[in-house]
Structures are given as C-alpha cells and as structure tokens.
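All heavy atoms count here, side chains included; hydrogens, waters and symmetry mates do not.
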Amino acid sequence: MKNTAIEWADHTYNPWWGCTKVSAGCKHCYAEAIDKRFHRGSHWGPEGVRKACDARHSIELTGLKPGSRVFVGSMCDVFEMPESHANRQVVERQRQYLWGLTRSLKHLTFMLLTKRPENILYQVPREWYLAQWPANVWVGTSVENQETAELRIPHLLKVPAPVRFLSIEPLLEEVILHSWWLFPMDINWVIVGGESGPGARPMHPDWVRRIRDECTAPGINVPFFFKQWGGVQKHKAGRVLDGRTWDELPTVGAECA
C-alpha cells in the first residue's frame, strides 16, 4: 500500500494476509479487524487460510523513490510458522519471493517487524547471517510489556542486521530497557506508541518518558520515535510528547541509486 498512514514508514508491503495471536499486544489487533471487515476474518487464527498477495503489490514497489521505508507485514508476521501444511506452503513460497525483492530493490529499505524473533535466523537466507546481512533489510520485534521485552529482545540481538529496532506498541505497562540493551551496537531504533481504536487500553505518559529518557541518555543516543498517544480517537490525542514530536530515525539504510 502506497503512502501508508503508519508514521514511521513510507509504504507497506504484505507478502500474504493472516496471522495468529501470540501475546497481550495482539488482543485488539487492527489487522485482524480489517480482515474481519473485508473477509469475515477468514485469514486469522491457526485455522485461518493464509492468502498470498498477488504480484501487483510488489510491482508497486518498483516505482518508489530511493530510500523509501517499506514496512513488511502490516497484515501478517513474516516470521510466522503456521501449524497447517497448506498455510506453511503459502508462507514459505511468499517469504522466498520477499527475499528476492530485497535483493532486486536495493534502493528501498525493507523493515521486517515480528512478534516471533526466535524464528528469524531459521527463515532468512543462510548467506545473510553466515556472510553479510543486506544493508537494506532492517529487523525489529514488537514489545508491549516487560515480559515480552525480556523474552524477545535477546533473540533480536542475535540477528546481524544493520538496524535492529523495537516497536513498543501498544505500550501496556512500564517497560525498563536495561542499559546493555541500548548500546548503539545492540538496538538502533526505538518506536513507542499507545493502543488505538475501540477498547484501547490506556498508556501512562511516564511510561513513554522513561523509555525516551533511556534512549536519549548520554552515551546511549538511540533514535527515539513517538508514534501516537492512541485512544479511541487517536488523531485528537496526537503524538506530541513534552512539547514536541519525536521523529528520530536510524542513519543507515538502502543503497541510493
């Protein structure tokens, strides 16, 4: 999808539709809500059928300007390993196609975000982690509370991507990012946001400030991006934190043509 409304990306690309909930952050999944609206939720859950997206979506990527940030997987998790054989076939085929796109479209930055970082090194091409990870492929994991931070971040740190990032959204409780996680060689970007839409769970401002302060501490200086306060009407709540917006980005990425 061109010109996405997701604040930290320029565009989105989905190799397939469908996923299964794995943690508290999935409770009000916007992607599942979209799937229910248009497809009665037929692609969601372990029994849902993963739907491969057609080639026209990837063709759109070829016309994007150099340096565009492409969020991969707004309607799926690119590192999911579905239970059913049929779904695994779809996912594996589409994943291989995605790796081909990252090689042929080196002028774009592909941002892969997952709630399953333990699967990353099993599913990317071997040469990526044995030889050299592509400069235009960033990898991140979603974190919503302290439990998922402690579970997922260590797996992310094993990935030799040029940019490893955290999407702390929806932020459901105070999360402490210990200093050893925030050295520039470890985590290169942190995104924080509240939950939005019907039933949105509240986010305390001090939770956001704590993460920002950790990222901006002397000697750390990890780029911090504040996406939104969230709520039922997220546009009214806005995204200003302590008098300013925080739109910091990593400095590495795609090869410019």
note = dist L64:CG -> T109:OG1 (nearest 0.5 Å) comes out at 11.0 Å

inquiry  = Let me check something: do V90 and M75 share a hydrophobic cluster, defined by ILVMFWY side-chain heavy atoms less than 4.5 Å apart, either directly or through other members?
reply    = no

message = Could you check whether any side-chain N or O of R239 sits under 3.5 Å from a backbone N or O of T245, counting only pairs where one atom can act as donor and the other as acceptor?
response = no

ask   = V49 and M81: same hydrophobic cluster, using ILVMFWY side-chain contacts below 4.5 Å?
value = no

note = Interatomic distance, CG@L171 vs CZ@R201, rounded to 0.5 Å, equals 11.0 Å

Minimum heavy-atom distance G230-A237, with the two atoms named = O-CB, 3.3 Å

key: Backbone of E195 reached by a side-chain donor or acceptor of E169 within 3.5 Å   = no

message = So for atom CZ, which belongs to R40, do other residues, nucleotides or ligands contribute more than 12 heavy atoms lying within a distance under 6.0 Å?
response = no

inquiry  = Using the ring centroid of each side chain, check whether F226 and W246 are separated by less than 6.0 Å.
reply    = no

Other residues, nucleotides, ligands: >12 heavy atoms within 6.0 Å of K36 NZ = no

message = Minimum heavy-atom separation for A149 and V143, please, with both atom names.
response = CB-CG1, 3.6 Å

key: Single-linkage hydrophobic cluster L151~V175, side-chain heavy atoms < 4.5 angstrom   = no

Nearest atoms (heavy-atom pairs only) where V91 meets P82 = CG2-CG, 3.6 Å

key: Check: R50 side chain, G48 main-chain N or O, donor-acceptor pair, under 3.5 Å   = yes

query = Is it true that the side chains of N14 and S74 contain a donor and an acceptor less than 3.5 Å apart?
reply = yes

query = Does the side chain of L241 come within less than 4.5 Å of V192's, by heavy atoms?
reply = no

task = Show your working on side chain to side chain contact (heavy atoms under 4.5 Å, CB included) between H178 and I176 and close with a plain yes or no.
result = CA-CA 6 Å; H178 300 294; I176 301 172; 4.1 Å; yes

inquiry  = Is the shortest side-chain heavy-atom distance between V163 and V139 below 4.5 Å?
reply    = no

query = Quick one: does H28's side chain have a donor or acceptor within less than 3.5 Å of a partner on G199's backbone?
reply = yes

task = Kindly compute the distance separating CZ (F225) from OG (S167), expressed to the nearest 0.5 Å.
result = 10.5 Å

key: Partner of R152 by side-chain hydrogen bond (donor to acceptor under 3.5 Å, both in side chains), out of E147, E144, E118   = E144

request  = Look at atom CD of E83 and say whether more than 12 heavy atoms of other residues, nucleotides or ligands are closer to it than 6.0 Å.
outcome  = no

ask   = Going by atom types only, do T114 and D77 share a side-chain donor-acceptor pair under 3.5 Å?
value = yes

message = Once ring pair (Phe, Tyr, Trp, His ring centres under 6.0 Å) is applied, what residue pairs with a partner in residues 70-102 remain, sequence neighbours excluded?
response = W8-F71, W99-W128

inquiry  = Looking only at the side chains, is there a donor atom on one of R116 and T20 sitting less than 3.5 Å from an acceptor on the other?
reply    = no

task = Would you sort out whether V124 and V159 count as a side chain to side chain contact (heavy atoms under 4.5 Å, CB included), showing the intermediate values?
result = CA-CA 10 Å; V124 298; V159 179; over 6 Å; no

ask   = Should W44 and F38 be regarded as members of a common hydrophobic cluster, given that ILVMFWY residues are connected when their side-chain heavy atoms come within less than 4.5 Å of each other, either directly or indirectly?
value = yes

request  = Could you walk me through whether T12 and V70 pass side chain to side chain contact (heavy atoms under 4.5 Å, CB included), step by step?
outcome  = CA-CA 5 Å; T12 59; V70 181; 6.0 Å; no

inquiry  = Can a donor-acceptor pair be found, under 3.5 Å and without considering hydrogens, that links the side chain of N145 to the backbone of L172?
reply    = no

inquiry  = In the structure I gave you, are the side-chain heavy atoms of V72 and M111 within less than 4.5 Å of one another anywhere?
reply    = no

query = Measuring from C53:SG to L98:CG, what's the distance to the nearest 0.5 Å?
reply = 11.5 Å

ask   = Can any side-chain N or O of D10 pair as donor or acceptor with the backbone N or O of R69 at less than 3.5 Å?
value = yes

Partners meeting salt bridge (Lys or Arg N to Asp or Glu O under 4.0 Å) with D242 (sequence neighbours left out) = R209, R212

message = Taking A31's backbone N and O only, do any of them form a donor-acceptor pair with W17's side chain (distance below 3.5 Å, no angle check)?
response = no

inquiry  = Are the side chains of I120 and Y129 in contact, using a 4.5 Å heavy-atom criterion?
reply    = no

Residues which pass salt bridge (Lys or Arg N to Asp or Glu O under 4.0 Å) with D213, listed by chain and number, not counting sequence neighbours = none

query = Same cluster for I59 and Y13 if Ile/Leu/Val/Met/Phe/Trp/Tyr side chains link at under 4.5 Å?
reply = no

task = Please tell me if the side chains of W138 and F165 come closer than 4.5 Å, counting only heavy atoms from C-beta onward.
result = yes

pair L249-W189: side-chain heavy atoms closer than 4.5 Å = yes

query = Does a side-chain heavy-atom distance below 4.5 Å link M203 with P170?
reply = no

task = State, to 0.1 Å, how close E248 and F224 come at their nearest heavy-atom pair, and which atoms those are.
result = OE1-N, 2.8 Å

request  = Apply salt bridge (Lys or Arg N to Asp or Glu O under 4.0 Å) to R88 and list each qualifying residue two or more places apart in sequence or on a separate chain.
outcome  = none

query = Is there a donor-acceptor pair closer than 3.5 Å between any side-chain N or O of D35 and the backbone N or O of H43?
reply = yes

Neighbour count >12 (heavy atoms, 6.0 Å) for atom CD, E127 = yes

request  = Just jot down the side chain to side chain donor-acceptor pair (under 3.5 Å) partners of H39, sequence neighbours excluded, or say none.
outcome  = none

message = Whether the side chain of K21 engages the backbone of K27 through a donor-acceptor N/O pair (distance < 3.5 Å, no angle test) should be reported.
response = yes

message = Any heavy-atom pair between the side chains of I168 and I191 that's under 4.5 Å?
response = no

query = Any donor-acceptor pair under 3.5 Å linking the side chain of Q94 with the backbone of W16?
reply = no

From SG (C19) to NZ (K115), nearest 0.5 Å = 7.5 Å

ask   = What pair of heavy atoms forms the shortest contact from P160 to K158, and how long is it?
value = CD-O, 3.5 Å

key: T141 and H155: CA distance, side-chain angles, deciding distance, side chain to side chain contact (heavy atoms under 4.5 Å, CB included) verdict   = CA-CA 9 Å; T141 192; H155 290 292; over 6 Å; no

ask   = Taking atom OG1 of T102 and atom CG of L61, what is their separation to the nearest 0.5 Å?
value = 11.0 Å

note = Sorted by chain and number, sequence neighbours left out, side-chain contact (heavy atoms from CB on, under 4.5 Å) with K234 holds for E7, S196, K227, Q228

